[in-house]
Amino acid sequence: MKQTLKALIQQAVVSLKDEGVLDQAVIANIVIERARDSSHGDFASNLALSLAKSAKINPLILAQKIIEALPDNDAVIKVEIAGPGFINFFIDPNRSYQIVSQIHQQGSQFGLSKVGGGKKIQVEFVSANPTGPLHVGHGRGAAYGSAVASLLEAIGFEVHREYYVNDAGRQMDILATSIWLRYLEECGEVVVFPNNGYRGEYVREIAWKLHDKVQNEYRHPAELVLEDIPADEAQGGDKEVHIDALIGRTKVLLGTTQYRDIFQAGLNAILDDIKVDLNEFGIDYKHWFSERKLMEEGAIETALNLLEAGGYLYKKEGATWFKSTQLGDDKDRVVVRDNGQSTYFASDIAYHMNKLDRGFDQIINIWGADHHGYIPRINAALLALGGDAKKLKVLLVQFAVLYRGDDKVPMSTRSGEFVTLRQLRGEVGKDAARFFYLMRRSDQHMDFDLKLATAKTNENPVFYVQYAHARICSVLRQLDEKNLERDLNLGMKSLKLLTASYEVILLNSLSRYPELLEKAALNYEPHQLIHYLRALANDFHTYYNAHQFLVDNVSLRNARLNLITAIKQVLSNGLTLLGIHSPEAM
RNA sequence: GCGUUUGUAGCUCAGCUGGAUAGAGCAUCGGCCUUCUAAGCCGAGGGUCGCAGGUUCGAGUCCUGCCAAGCGUACCA
């Protein structure tokens with residue numbers, strides 16, 4: 001309908017131009033909006049207002065001229081000028097009934113479109129280091145990333161979901177060393193656990209399993225392990241220097257094979273856990289991209305060589321630096337540390353180069369908001385490598401602060417005490433977790449109230465939408481129990497009987513779904529869909545309380561049944577996209 | 001300090017990319033179950049859209065300056 005009106009106005013503008021009333025240009029920005037107030041009709045355009053200045057015509061007069069030039073159309077029954085010069089369109093109510101049969105015909109496909117044109121978009125999200133279980137912060141990224149991916153898919157993009165596994169690099173070495181130290185404790189050695197080590201209970205569990213498997217085979221005396229190791233932070237030293245020395249010692253004492261064994265045991269245990277966790281949260285990745293593989297293929301060297309060839313690298317104080325300041329960054333960045341190890345940033349450059357090489361039309365990274373300072377340097381790297389930096393879009397997700405009622409839930413990664421995604425799912429369930437995560441704009445801080453998410457009362461917004469769906473299912477069950485016939489065709493023929501104000505509102509809400517979906521997807525804003533679903537559920541609940549559906553009048557009954565099953569379909573389509581279940585009964 | 005994000009009802013947040021009288025949920029108060037699920041519905045109260053300027057037919061939305069908060073500013077990831 002919007003498109004139709006747009007075309008009509010376009011024609012009007014063209015003819016006004018021919019008459020010399022309007023200058024050239026201007027056609028591009030014709031905006032049709034849904035009227036907020038029904039007294040303003042169904043759709044409105046502010047064209048006359050926006051053109052008035054450049055055309056040097058009073059907006060009211062211009063609006064009148066546009067209306068006069070407007071071609072006839074069956075659907076438009078009235079056009080009005082209102083306020084300072086808005087053009088309001090009133091649509092033939094009979095048109096609005098079409099949406100019901102359209103929804104029934106298209107079913108789960110209703111709302112999907114092809115505006116994406118099959119373009120390939122990669123969405124990379126979560127990508128937490130496999131050094132521990134996912135916590136609630138990752139959960140928000142997971143819910144958001146998967147919702148964005150689903151939305152883009154729904155409007156016709158070819159979406160590639162990817163998790164970048166940091167299975168190489170220093171953090172993994174710290175994990176392997178942490179596991180070994182816990183293993184040594186298990187063997188009976190007394191070691192001081194490093195400040196920078198991974199202290200979580202899961203590290204001990206991996207160490208126990210290792211001990212069960214190899215017994216004391218990997219044991220070395222604690223004195224030997226700690227001999228000449230620089231002091232840790234707690235002893236007045238530098239924790240980074242300390243841990244790096246410990247890693248080195250671990251590698252020397254264990255040798256390549258044994259070290260690799262521990263490293264791999266840790267990686268496998270944690271990555272498997274993450275995979276199961278995300279799968280249970282309703283997320284399926286197409287690709288778990290391994291950083292180590294990237295390194296083994298020499299991609300980092302290749303990337304650094306390219307930067308070198310472009311004159312973007314220099315040496316300072318033993319390290320290799322990238323001149324990112326030349327391309328918009330605040331300061332230059334280290335790519336190879338003075339100890340010869342390449343940085344995370346170097347891997348990331350290689351990874352993003354790889355992404356571009358794979359031919360995606362767009363690349364979306366979903367990052368924690370604390371990484372926002374990282375964006376300029378990645379952009380700089382892409383530019384330096386001659387890539388199309390515009391293809392990269394970074395979406396930021398703010399942290400969620402957990403509350404239980406009024407009390408803030410303490411979270412501290414350092415001590416290993418944090419609420420995991422798995423605990424959250426266990427406490428509030430997948431549906432509530434996803435709904436709450438998606439309820440707010442992703443780039444806003446959010447308070448996540450565990451008590452509210454678990455509440456089975458009207459305080460809880462999750463159930464509100466699901467309840468609408470379940471209620472409709474219940475009506476259909478009642479139909480059966482009362483031995484009433486359902487006649488779909490009769491219902492469709494009788495849709496004109498749906499003239500109650502609540503019914504008109506619902507028809508309008510339903511027809512908004514496809515355009516809302518498109519907008520939510522293109523703006524990467526799943527919360528818009530949540531808000532829509534809440535509003536639709538609200539419209540339905542109001543209708544439910546105001547009117548009986550299973551009435552004696554067969555035509556009216558079937559018309560209403562067709563309307564509410566259309567609502568059920570849209571609720572279900574929307575919830576499914578967000579990875580939330582649509583219950584038949586509650 | 002610099003960069004960046006944010007500031008809307010008592011609380012948590014929307015606000016359709018500059019439109020018409022600023023909206024929800026929760027909380028508070030008052031109504032609605034012998035009829036399809038009351039996890040629901042209806043109604044009421046509650047606002048200097050951080051402050052001050054500016055841009056224009058029109059500003060919560062755009063620009064500038066203050067004030068306040070979060071994040072970033074590593075040879076960590």
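Letters go in sequence order (proteins before strands), and every chain restarts at 1.
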Ion pair present between A:Arg557 and A:Asp487, side-chain N to carboxylate O less than 4.0 angstrom? no
Should A:His527 be counted as stacked on B:rA14, where stacking needs a ring-centre gap under 5.5 Å and an angle between planes under 30 degrees? no
Tell me whether the rings of A:Tyr513 and A:Tyr532 are parallel (<30°), tilted (30 to 60°) or perpendicular (>60°). tilted
Syn/anti state of B:rC33 by chi, 90° boundary around 0: syn
So do A:Glu124 and A:Phe289 actually touch side chain to side chain, heavy atoms under 4.5 Å? no
Look at the side chain of A:Arg440 and decide which nucleotide, out of B:rU12, B:rA77, B:rC36, has an atom nearest to it. B:rU12
If you take all heavy atoms of A:Glu584 and A:Arg477, which pair is closest and at what distance? O-NH1, 3.1 Å
Between A:Arg512 and A:Phe549, the residue closer to the 5' end of RNA chain B by nearest nucleotide is A:Arg512
Are A:Asn166 and A:Glu291 close enough that a side-chain donor and a side-chain acceptor fall under 3.5 Å? yes
4.5 Å side-chain heavy-atom contact, A:His531 and A:Glu525: no
Centroid distance below 5.5 Å plus an interplanar angle below 30 degrees: do A:Phe86 and B:rG19 meet both conditions? no
With B for base contact, S for sugar-phosphate-only contact and - for none (protein heavy atoms under 4.0 Å), nucleotides 54-63 of chain B reads ---B------
Heavy-atom distance under 4.5 Å between the side chains of A:Ser45 and A:Ile9, does that happen here? yes
If anything within 90° of 0 is syn and all else is anti, what is B:rU17? syn
Side chain of A:Asn523, base of B:rU17: donor and acceptor closer than 3.5 Å? yes
Using a cut-off of under 3.5 Å, enumerate the N/O to N/O pairs linking the protein to nucleotides 68-75 of chain B.
residue : atom : partner  : partner atom : Å
B:rG70  : O2'  : A:His445 : NE2          : 3.0
B:rU73  : O3'  : A:Lys331 : NZ           : 3.3
B:rU73  : O2'  : A:Lys331 : NZ           : 3.0
B:rA74  : OP2  : A:Lys331 : NZ           : 3.2
B:rC75  : O2   : A:Asp338 : N            : 2.7
B:rC75  : O2   : A:Asp338 : OD1          : 3.1
B:rC75  : N4   : A:Glu317 : O            : 3.0
B:rC75  : N4   : A:Glu317 : OE1          : 3.1

Residue A:Gln444, side-chain heavy atoms: nucleotide from B:rU6, B:rU37, B:rA39 that is nearest: B:rU6
If you measure from the Lys or Arg side-chain nitrogens to the Asp or Glu carboxylate oxygens, is any gap between A:Glu515 and A:Arg34 under 4.0 Å? yes
